[in-house]
Amino acid sequence: MELKCLLMWLLLGSVKGNRPEACPTLPTIEFADVTADMYPLRTKLYYECDRGYTRRSGQYLGIQCRSIEQVASWVYKEFECIDERVLLSTAPTMELDVTQKPERKTQKTTAPQKQVNLSASEQKDFCGPPKTVPHASLRLSKHYYVGQVLHFKCQSGYDRRPPTSGTRECKEMNGKIDWTPLDMRCTNDSNEWLPQTVEPGSTHPLFSSSVILPVIAIFFVLPIIPAVFM
């Protein structure tokens, strides 16, 4: 009985140990496209039909990275994004999911997903970029796992101030799972004011000695002027 319990404990520990740990919420960077070369197991992504296109009712737009015969692979459900006008004019009786929904601002991976060659070891734990679906784009996932690397690039028109691209990785640092920092901001204003970092013990630029000395001199001179004319 004790041997059976021990084996069960080791089995559960092994399964738990192989399960990737979840990352904290990814900070949003406005006006930036996000892509990835590979995704860890259990990652879920969702396609979203472009404006003017819709999916057939009942079709599922989600995919998941799973281990199939010890190889990480995307699991797809059959779906397609169809022009609403064509379907409504040629087959008005066809059941469509064309319910008007409020437009939500979601960060998408609008940049094309480049194909990469994964090594044998990576193929066990990571899926490559998902396939391209006509008239659809990938919606940025809300859940990532340790090992995920994301590439950010400012959209055209919002790349006036460098750096305009960068990378973040979800990893364990000092016993805590977090995203690596990314010093990047996408803007269309090249003259945008930047806050200056003040080193400990240094004087803020707005209150440098060249400004403080004239101010002190004025305080000494003002009381003298009335005394001269009395």
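Heads up: numbering here begins at 1 and tracks the sequence.
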Measure the spacing between CZ of Arg139 and NZ of Lys44 and express it to the nearest 0.5 Å. 12.5 Å
If every non-hydrogen atom of Ala136 is compared with every non-hydrogen atom of Asp50, which pair is closest and at what distance? N-OD2, 3.5 Å
For the backbone of Pro24 and the side chain of Trp179, can you confirm whether one donor and one acceptor N or O come within less than 3.5 Å of each other? yes
Gap separating the OH atom of Tyr144 from the CG atom of Leu26, nearest 0.5 angstrom: 6.0 Å
What distance separates Arg55 CZ from Glu48 CD, expressed to the nearest 0.5 Å? 11.0 Å
Side-chain heavy atoms under 4.5 angstrom apart, residues restricted to Ile, Leu, Val, Met, Phe, Trp, Tyr: same cluster for Val149 and Leu182? no
Scanning both residues in full, the closest heavy-atom pair of Gln148 with Met38 reads NE2-O, 3.0 Å
In the single-linkage hydrophobic clustering (I, L, V, M, F, W, Y; side-chain heavy atoms under 4.5 Å), do Leu45 and Leu61 co-cluster? yes
Please list, one pair per line, the donor and acceptor atoms closer than 3.5 Å that link side chains of residues 163-174 to other protein atoms, with sequence neighbours excluded.
{"from": "Thr167", "atom 1": "OG1", "to": "His151", "atom 2": "ND1", "distance (Å)": "3.3"}
{"from": "Arg168", "atom 1": "NE", "to": "Thr180", "atom 2": "O", "distance (Å)": "2.8"}
{"from": "Arg168", "atom 1": "NH2", "to": "Thr180", "atom 2": "O", "distance (Å)": "3.2"}

Walk me through whether Thr43 and Tyr145 qualify under side-chain contact (heavy atoms from CB on, under 4.5 Å). CA-CA 7 Å; Thr43 298; Tyr145 298 92; 3.9 Å; yes
Are Pro130 and Tyr47 side-chain neighbours, meaning at least one heavy-atom pair lies under 4.5 Å? yes
Quick test of your reading: applying side chain to side chain donor-acceptor pair (under 3.5 Å), list the pairs with at least one residue in residues 59-73, sequence neighbours left out, ordered by first then second residue. Gln64-Arg66
Does the separation of the ring centres of Tyr39 and Phe126 fall below 6.0 angstrom? no
List the steps, then state whether side-chain contact (heavy atoms from CB on, under 4.5 Å) holds for Arg161 with Arg185. CA-CA 8 Å; Arg161 195 186 74 194; Arg185 184 177 180 185; 3.2 Å; yes
So how far is it from Thr54 OG1 to Glu80 CD, rounded to the nearest 0.5 Å? 11.0 Å
Connected via hydrophobic side-chain network under 4.5 Å: Tyr46 and Tyr76: no
Quick one: does any side-chain atom of Trp74 pair with a main-chain N or O of Lys131 as donor and acceptor, under 3.5 Å? no
Show the nearest heavy-atom pair for residues Val146 and Cys23, with the distance to one decimal. N-SG, 3.5 Å
With sequence neighbours excluded, what pairs up with Cys186 under the side-chain contact (heavy atoms from CB on, under 4.5 Å) test? Ile29, Phe31, Ala32, Cys154, Tyr158, Met184
Which atom names give the shortest non-hydrogen contact between Ala72 and Asp125, and what distance separates them? CB-C, 4.1 Å
With heavy-atom distances below 4.5 Å as the criterion, would you say the side chains of Ile68 and Val75 are in contact? yes
Please determine whether side-chain contact (heavy atoms from CB on, under 4.5 Å) holds for the pair Tyr53 and Ile82, giving the CA-CA distance in whole Å, both sets of side-chain angles, and the decisive distance to 0.1 Å. CA-CA 5 Å; Tyr53 291 83; Ile82 308 169; 5.5 Å; no
Hey, could you give me the CD1/OG distance between Ile63 and Ser141, rounded to the nearest 0.5 Å? 10.0 Å
